[in-house]
Amino acid sequence: MSDTLEELIAARRSNLEALQAAGHDPLAVNRYPVNAHASDILATHAAFTAEDGLGEPVYQVAGRLLSLRYQGKTLFADLHDRTGRLQLYLRRDELGDEAFAACKLLDRGDFLGVTGRIFRSKLGELTLRVSAFTLLAKALQPLPDKWHGLVDVEKRYRRRYVDLAINAEVRDVFILRSRIVASMRRFLDDAAFFEVETPTLLQVAGGASARPFRTHANALDLQLDLRIATELNLKRCIVGGLERVYEIGRIFRNEGIDTRHNPEFTMLELYAAYWSVYEMMDFNEALFAHLAQLVHADRQIPYGERVISFRPPFARIGYFEAFERYGSVSREELLSPEGAAGLLARHGIAPSPTHAHALDKLFGEIVEPHLIEPTFVMDYPLVLSPLAKRKPNDPDVVERYELFAVGMELANAFSELNDPADQRQRFEAQIEERAQGDTEVPAPDWDFVRALEYGMPPTAGIGVGIDRLVMLLTNQASIRDVILFPLQRPVAE
RNA sequence: GCGCCUUUAGCUCAGUCGGUAGAGCAUCGGACUUUUAAUCCGUUGGUCCCGGGUUCGAGUCCCGGAGGGCGCACCA
């Protein structure tokens, strides 16, 4: 911390003390009777002209001062609340000498409550003519450059409060995220789904392959994992007869961090009894179209250099059909481990340890780059889908799809395996894999097998990475730009 | 984990060939009763990310380390 910053803070602190001495002590203020917000005021008076003089009613607005333009015996300022910006105009002859002297002790960043009426300034801007003001909080720390704002990405993440306070686009992204998730909940509730909450702390983190975070419960002297999926508990709810359930919850995976991965992220998981994956696909399409409409009425979503159309119907293509179309690769080649390995070599990709891994690599290389518009890729190979049901007439293929857009996987859904014997065998196979040293394979959850033995109806399930969906809908390149407080390494102060 | 880039005033950024630190904004003082990146005059402000090395001399060159960004690998 440099001397100069301390000087800046000291100057603001001395302004605060002078304001307190003049009867403007923000610490003595417990409430402010806000009766309007900036954008609403501007909208209400859009047709207001200079000839209209001073408008009605008397407004009381509160927010943060982000610009102060003193001009002798007057002051223009910008007050920002959660809806936007409102210009203020303060005059000495109106406020009186004492109050006007006090407002000269205001600093950029201070929170202010103001009383006043609207007028149109000489330059045509709707402006609040302030008759009284109340200091609600003092900003002791100086705010970043008013023109360039806070640009340093590291500081934006570490001090997100500053980022939010002065970068309107950033605040808009998080407001939009909130509206998207709220709209998603309404959509699901309207479709007769129950929102449920399942444990975050588990003895066995299952339902996916990922390294969990470990923690400990003192009261039970018990080692616990943070969940890596909500899948198994949600299916227990289906066994219990809730029929349609979802959870929008935080998931924790102790893995890498990059522009598309954060150690904690939010996932929607949703299960519907009596649906197959094909009903789920229609529902998925309707949900995403609905959310896109919230962002852009025409469902045309700009992302980077492109514009993505979320108008239904979305493109649908078979898994093998996609390989055939984009790489002239045959189903037979893909389904044989040797054929897949040969394809890897032809594309200059390092050999894969397993057939499934090879197929994943090949898909990323050959097909994914072509999936720009929202596209359902259907009918996955069984080897890629250990928890999905087979197609009745095609034992190598399962009832599963993934939804892609701009090369990102947005959703993964399948008809759920509900055969307890099959589930038990797959857990036993996982025990083998663990014994061979694959630490990402979860320990078996035998109670889940018991739950299936009580009977689970045919059910479709889907997982949607909320952060990535929000990235796409809000046109953000990094997952950290849709997570308020992304994990950062500590830095010495 | 690997590679590339990056770190200079509160903020945004310059800094040439290695010669001892600069601008704009902000701060502080002054002028200004319709400004809006207000303007004008003046003023203050530095652990050049950290630690070594080379050199008469390092923000600059070399080595090591830290934070951050991007890409690859892994994953959703």
Side-chain angles (χ1 to χ4, degrees), chain A residues 1-12 14-15 50 66-78 85-95 100 107-109 119-127 129 139-159 162 166-167 207-211 228-229 251-269 349-350 352-353 357 360-361 364 402-404 408-412 440 463-469 471 477-481 486 488-493:
Chain A
M1 185 113 349
S2 72
D3 288 344
T4 60
L5 175 57
E6 281 164 13
E7 283 167 21
L8 293 171
I9 291 172
R12 285 159 176 265
S14 95
N15 283 347
L66 286 187
S67 172
L68 294 159
R69 300 180 292 280
Y70 292 100
Q71 201 189 337
K73 301 179 180 65
T74 69
L75 165 62
F76 281 92
D78 293 337
R85 183 187 79 101
L86 179 67
Q87 179 166 263
L88 309 179
Y89 179 51
L90 298 86
R91 295 169 59 97
R92 186 168 84 166
D93 57 9
E94 183 160 4
L95 293 172
F100 194 74
D107 289 293
R108 190 167 118 84
F119 75 105
R120 201 166 283 276
S121 77
K122 189 180 274 183
L123 293 183
E125 179 166 351
L126 271 177
T127 303
R129 182 155 164 157
L140 296 175
Q141 292 272 357
L143 266 63
D145 190 290
K146 65 187 167 195
W147 184 241
H148 302 95
L150 185 62
V151 172
D152 180 345
V153 177
E154 179 178 357
K155 199 156 280 183
R156 284 186 42 226
Y157 296 152
R158 290 191 193 278
R159 302 190 191 178
V162 179
I166 67 169
N167 290 329
S209 277
R211 285 171 62 188
I228 57 174
I251 303 296
F252 306 87
R253 296 189 182 174
N254 211 338
E255 292 173 347
I257 301 176
D258 60 33
T259 49
R260 289 179 181 187
H261 299 83
N262 195 62
E264 51 180 307
F265 63 101
T266 304
M267 189 147 77
L268 163 70
E269 280 197 48
I349 307 171
S352 288
H357 188 265
D360 247 13
K361 292 278 130 196
E402 291 195 309
L403 175 62
F404 290 86
M408 255 195 303
E409 183 198 325
L410 291 180
N412 177 22
E440 295 207 349
V464 177
I466 300 291
D467 311 271
R468 288 185 180 176
L469 178 61
M471 279 171 69
S478 169
I479 197 168
R480 274 170 246 128
D481 291 320
Q488 299 272 288
R489 277 198 164 82
V491 71
E493 291 276 339

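Numbers restart at 1 for each chain; the letters A, B, ... are given by sequence-line order, proteins then strands.
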Pick base, sugar-phosphate or nothing for A:G149, based on heavy-atom distances below 4.0 Å to the nucleic acid. sugar-phosphate

Regarding the side chain of A:V491, the nearest nucleotide among B:rG67, B:rA76, B:rU36 is B:rG67

What is the pairing partner of B:rG46, taking Watson-Crick or G-U wobble pairs with both distances under 3.5 Å in any strand? none

Any N or O donor-acceptor pair under 3.5 Å from the base of B:rA73 to the side chain of A:D258? yes

So A:E125, base contact, sugar-phosphate only, or nothing? Heavy-atom distance under 4.0 Å. base

Give a yes/no answer on whether the side chain of A:K155 brings an N or O atom under 4.0 Å of OP1 or OP2 in B:rC11. yes

Please name the nucleotide paired to B:rU36 by Watson-Crick or G-U wobble geometry with both distances under 3.5 Å, or report none. none

Distance, P atom - from B:rU8 to B:rC61, rounded to whole angstrom: 16 Å

Taking CZ from A:F119 and C1' from B:rU34, how many angstroms apart are they, rounded to a whole number? 6 Å

Rounded P spacing from B:rA58 to B:rA38 in Å: 42 Å

Whole-angstrom distance between B:rU16 and B:rG59, as gauged at atom P: 12 Å

Rounded to the nearest 0.5 Å, what separates atom OG1 in A:T127 from atom CG in A:L90? 11.0 Å

For B:rG1, the nucleotide meeting Watson-Crick or G-U wobble distances (both under 3.5 Å) is B:rC72

Suppose we call a contact any N or O donor and acceptor under 3.5 Å apart; does that hold for the side chain of A:D152 and the base of B:rG68? no

Any strand, both distances under 3.5 Å, Watson-Crick or G-U wobble: B:rA66 pairs with B:rU7

How about A:Y157 and A:D152: does a side-chain donor come under 3.5 Å of a side-chain acceptor? no

When the P atoms of B:rG57 and B:rG53 are compared, how many Å lie between them, rounded to an integer? 12 Å

So which one's nearest nucleotide on RNA chain B is more toward 5', A:I257 or A:R468? A:I257

Would you say A:H357 reaches B:rC74's phosphate, i.e. side-chain N/O to OP1/OP2 under 4.0 Å? yes

B:rG67, B:rA76, B:rA26: which one has an atom nearest the side-chain heavy atoms of A:R158? B:rG67

Taking the same atom, P, in B:rC48 and in B:rU7, what whole-Å distance lies between them? 15 Å

Testing B:rA76, B:rC11, B:rU33 for proximity to the side chain of A:Y89, the answer is B:rU33

Under 4.0 angstrom between A:T259 side-chain N/O and B:rC70 OP1 or OP2: no

Give me the distance, rounded to whole Å, that separates B:rG69 from B:rU33 when you measure between the P atoms they each carry. 49 Å

What string of B, S and - do you get for nucleotides 27-32 of chain B, 5' to 3', when a contact is any protein heavy atom under 4.0 Å? SS---B

Identify, with sequence neighbours excluded, every residue that meets salt bridge (Lys or Arg N to Asp or Glu O under 4.0 Å) alongside A:R92. A:D97

Starting at atom CG of A:L75, determine the distance to atom C1' of B:rU36, rounded to an integer number of angstrom. 12 Å

Hey, does A:E255 reach any base, or is it just sugar-phosphate, or nothing, if we go heavy atoms under 4.0 Å? sugar-phosphate

Please determine, for the side chain of A:T74, which listed nucleotide (B:rG69, B:rU33, B:rU36) has the closest atom? B:rU33

Please name the nucleotide paired to B:rU54 by Watson-Crick or G-U wobble geometry with both distances under 3.5 Å, or report none. none

Once rounded to the nearest 0.5 Å, what's the spacing between atom CG of A:D467 and atom CD1 of A:I479? 4.5 Å

Interatomic spacing from CG in A:L68 to CG in A:L88 - rounded to 0.5 Å: 9.0 Å

Identify which nucleotide among B:rC25, B:rU34, B:rU35 has an atom closest to any side-chain atom of A:T127, counting heavy atoms from C-beta outward. B:rU35

Euclidean distance, A:E7 CD relative to A:R12 CZ, rounded to 0.5 Å: 13.5 Å

B:rG69 OP1/OP2 closer than 4.0 Å to side-chain N/O of A:R480: yes

Looking at B:rC70, B:rA76, B:rG69, which one has an atom nearest to any side-chain atom of A:Q488? B:rG69

C1' spacing across the pair B:rC49 / B:rA31, given as an integer number of angstrom: 42 Å

Students often get this wrong, so: under 4.0 angstrom with heavy atoms, is A:Y157 touching a base, only sugar-phosphate, or nothing? sugar-phosphate

Do A:S121 and B:rU35 share a donor-acceptor pair, side chain to base, under 3.5 Å? yes

At under 4.0 Å, does any side-chain N or O of A:S67 touch on OP1 or OP2 of B:rA38? yes

Say you pick atom P in B:rC17 and the same atom in B:rU12; how far apart are they, in whole Å? 27 Å

Show me, pair by pair, the donor-acceptor contacts under 3.5 angstrom made by side chains of residues 70-77 of chain A, not counting sequence neighbours?
| from | atom 1 | to | atom 2 | distance (Å) |
| --- | --- | --- | --- | --- |
| A:Y70 | OH | A:C103 | O | 2.9 |
| A:T74 | OG1 | A:Q71 | O | 3.3 |

Give, for atom CG of A:L403 and atom CD of A:E409, the distance between the pair rounded to the nearest 0.5 Å. 9.0 Å

Closer than 4.0 Å, any side-chain N/O of A:R69 to the OP1 or OP2 of B:rU35? no

Can you check whether A:F265 stacks with the B:rA76 base, using ring centres under 5.5 Å and planes within 30°? yes

Options B:rG67, B:rU34, B:rU12, nucleotide nearest the side-chain atoms of A:R91: B:rU34

Donor-acceptor pair present, A:R92 side chain and B:rU33 base, under 3.5 Å: no

When you look at A:Q87 and A:R69, which way does the side-chain contact (heavy atoms from CB on, under 4.5 Å) test go after all the steps? CA-CA 11 Å; A:Q87 179 166 263; A:R69 300 180 292 280; 2.6 Å; yes

Checking A:R156 against A:R480 for the side-chain contact (heavy atoms from CB on, under 4.5 Å) test, could you report, in this order, the C-alpha distance in whole Å, the side-chain angles of both residues, the deciding distance, and whether it holds? CA-CA 10 Å; A:R156 284 186 42 226; A:R480 274 170 246 128; over 6 Å; no

